[in-house]
Amino acid sequence: MAGMTVQQWKRSTASRLMDGSVDQSPDLDARLLLQNVTGLDHVQQILCSDQELTEEELSALEMLVLQRLAHRPMAYILGSREFYGRDFHVDERVLIPRPDTEILVEQVLAFAGKLNKSKDLSIIDVCTGSGAIGITLALELGCQVTLTDISAAALEVAKANAERLGAKVTMLQGDLLSPAEGKYDIIVSNPPYLTQLWCDQVSKEVAWEPRLALDGREEDGLGLIRTLVQQSTEHLDQGGALFLECDYRQAPGVATLLGEHQFAEVGTARDLAFLERVVWGVLACTSS
């Protein structure tokens with residue numbers, strides 16, 4: 001590999017990734033890996049296409065390519081993933097934020113706008129992982145958000161992201177809403193919801209992500225969601241709302257579950273593939 005130029009390395013690497021059946025964007029992966037090591041962005045890579053890479057750069061690049069050929073996700077290799085216009089640090093301690101989850105954030109923002117409480121909003125993000133959802137809401141709404149996760153390691157990642165992005169958050173460790181006290185205007189969660197079978201069938205890349213953040217428990221994958229819905233009735237102010245992400249195959253069942261637990265105005269939103277992904281409900285007011 002000695003004496004390779006930027007362009008030669010990119011072509012060679014894209015070919016290796018394609019032959020390794022890594023994914024459908026080998027050219028993009030090659031460009032991002034090159035930028036990670038050399039600092040050359042897309043335009044600079046074009047302008048410097050004939051520039052020779054140093055032995056040190058080639059050695060560092062080879063280590064990253066081998067990781068990619070082992071199907072380690074690009075987000076883990078690069079150490080970050082963009083979510084709602086911000087870069088979040090991610091590693092194997094947390095689930096990688098997906099673009100579809102931005103739909104969940106948008107639905108919460110729309111509901112929050114209707115409450116007209118601004119900085120007085122009380123929001124809790126359950127199963128926060130990297131903190132992408134809760135931190136985004138804190139920054140977009142200018143309010144403090146509580147983040148909970150059963151994993152202390154995940155909360156370390158969320159804390160680092162909150163500090164770097166300047167979000168006002170409170171961290172609580174525990175299972176779902178167990179560590180929470182008081183009531184909230186909004187409970188939001190992208191909880192584990194895969195069935196054990198689905199977990200066993202995930203792609204080689206998803207297999208790198210923590211199983212704790214994927215397995216929803218029980219045969220249908222809704223074990224955690226059932227518990228969270230039940231807990232939410234005790235931790236929501238009347239008129240407050242619960243927002244959940246789930247698999248499109250589960251959305252009808254989750255909507256029914258909300259209707260069975262004092263939630264009204266139950267609705268769903270579709271993801272980027274036009275599949276039902278987000279389900280929400282407003283806690284119905286009850287006579288005292």
Side-chain angles (χ1 to χ4, degrees), residues 83-86 88 94-95 97-98 100-151 154-155 157-192 224-225 227-246 254 258 261-267 269 277-285:
F83 183 82
Y84 219 81
R86 300 178 178 89
F88 285 81
V94 296
L95 198 70
R98 267 68 167 178
D100 284 329
T101 301
E102 294 185 359
I103 307 299
L104 177 63
V105 169
E106 290 172 355
Q107 296 303 318
V108 174
L109 290 175
F111 179 77
K114 297 176 183 177
L115 292 180
N116 296 317
K117 295 184 69 173
S118 186
K119 295 182 180 181
D120 294 328
L121 270 173
S122 55
I123 301 175
I124 185 166
D125 172 20
V126 182
C127 304
T128 192
S130 67
I133 296 171
I135 291 171
T136 297
L137 292 172
L139 294 172
E140 292 293 320
L141 295 169
C143 64
Q144 182 151 341
V145 175
T146 300
L147 311 180
T148 78
D149 205 290
I150 195 171
S151 168
L155 287 176
V157 177
K159 180 180 180 182
N161 280 323
E163 291 176 348
R164 184 173 55 80
L165 293 170
K168 297 182 292 184
V169 299
T170 300
M171 307 278 182
L172 297 176
Q173 183 184 356
D175 194 15
L176 301 177
L177 284 167
S178 298
E181 297 180 358
K183 296 190 176 184
Y184 299 86
D185 296 307
I186 296 170
I187 297 172
V188 59
S189 182
N190 177 16
L224 290 172
I225 286 180
T227 301
L228 181 53
V229 170
Q230 293 170 355
Q231 292 178 344
S232 294
T233 61
E234 301 298 323
H235 287 280
L236 271 176
D237 280 326
Q238 289 190 352
L242 169 64
F243 291 82
L244 296 165
E245 178 172 329
C246 62
V254 173
L258 288 173
H261 286 79
Q262 301 176 247
F263 286 92
E265 302 177 45
V266 175
R277 177 71 56 185
V278 177
V279 184
W280 69 85
V282 178
L283 188 65
C285 296

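Owing to the predicted nature of the structure, the values given are computational and were not obtained by experimental measurement.
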So Gln144 and Val169, side-chain contact (heavy atoms from CB on, under 4.5 Å) or not? Walk me through it. CA-CA 5 Å; Gln144 182 151 341; Val169 299; 5.7 Å; no
Please step through side-chain contact (heavy atoms from CB on, under 4.5 Å) for the pair Thr128 and Ile133, ending with a clear verdict. CA-CA 7 Å; Thr128 192; Ile133 296 171; 5.9 Å; no
Is there a side-chain contact (heavy atoms from CB on, under 4.5 Å) between Gln107 and Arg277 once you walk through the steps? CA-CA 11 Å; Gln107 296 303 318; Arg277 177 71 56 185; over 6 Å; no
Decide side-chain contact (heavy atoms from CB on, under 4.5 Å) for Leu258 and Val229; before the verdict, give the C-alpha distance in whole Å, the side-chain angles of both, and the deciding distance to 0.1 Å. CA-CA 7 Å; Leu258 288 173; Val229 170; 3.9 Å; yes
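For residues 100-112, no pair satisfies salt bridge (charged side-chain N to carboxylate O under 4.0 Å, His left out), with sequence neighbours left out. Annotation: salt bridge (charged side-chain N to carboxylate O under 4.0 Å, His left out) contacts involving residues 124-136, sequence neighbours excluded, are absent. Residue pairs meeting the side chain to side chain donor-acceptor pair (under 3.5 Å) criterion with at least one member in residues 177-190, sequence neighbours excluded, are Lys117-Asp185, Ser122-Asp185.
Judged by distance alone, the side chain of His261 and the main-chain N or O of Thr233 form no donor-acceptor pair under 3.5 Å. Remark: side-chain polar atoms of Gln231 are paired, donor with acceptor, to backbone N or O of Leu177 under 3.5 angstrom.
Taken to the nearest 0.5 Å, the CD1 atom of Ile187 stands 3.5 Å off from the CG atom of Leu236. Put simply, CG on Leu95 and OG on Ser151 are 11.5 Å apart, with the number rounded to the nearest 0.5 Å. Remark: Cys246 SG to Leu224 CG distance equals 13.0 Å, nearest 0.5 Å. Distance CG/Asp175 to OG1/Thr227: 7.5 Å, rounded to 0.5 Å. Once rounded to the nearest 0.5 Å, the distance linking CH2 of Trp280 with CG of Leu242 reads 12.0 Å.
Within the 4.5 Å cutoff, the side chain of Leu139 has heavy atoms near those of the Arg86 side chain. Here the side chains of Leu137 and Leu109 are in contact, with some heavy-atom distance below 4.5 Å. Looking only at side-chain heavy atoms (C-beta outward), Val126 and Pro191 stay at 4.5 Å or farther from each other.
Taking every heavy atom of both residues into account, Ala162 and Ile135 meet most closely at N-CD1, 3.4 Å. The shortest heavy-atom contact between Ile123 and Cys143 is CD1-SG, 4.1 Å. Contact between Leu172 and Pro179 at its shortest, heavy atoms only, is CD1-O, 3.7 Å. When all heavy atoms are compared, the tightest approach of Val94 to Gly129 is CG1-C, 3.6 Å. Nearest approach of Lys168 to Ala138, heavy atoms of both residues: O-CB, 3.9 Å.
Applying the side chain to side chain contact (heavy atoms under 4.5 Å, CB included) rule to Ala132 yields the partners Phe83, Phe88, Pro97, Ser130; only residues at least two apart in sequence or on another chain are considered. With sequence neighbours left out, Tyr84 forms a ring pair (Phe, Tyr, Trp, His ring centres under 6.0 Å) with no residue at all. Applying the side chain to side chain contact (heavy atoms under 4.5 Å, CB included) criterion to Val282, with sequence neighbours excluded, gives Phe111, Ala241, Glu265.
In summary, of the residues considered (Leu147, Leu155, Ile150), a side-chain contact (heavy atoms from CB on, under 4.5 Å) with Gln173 occurs for Leu155 alone.
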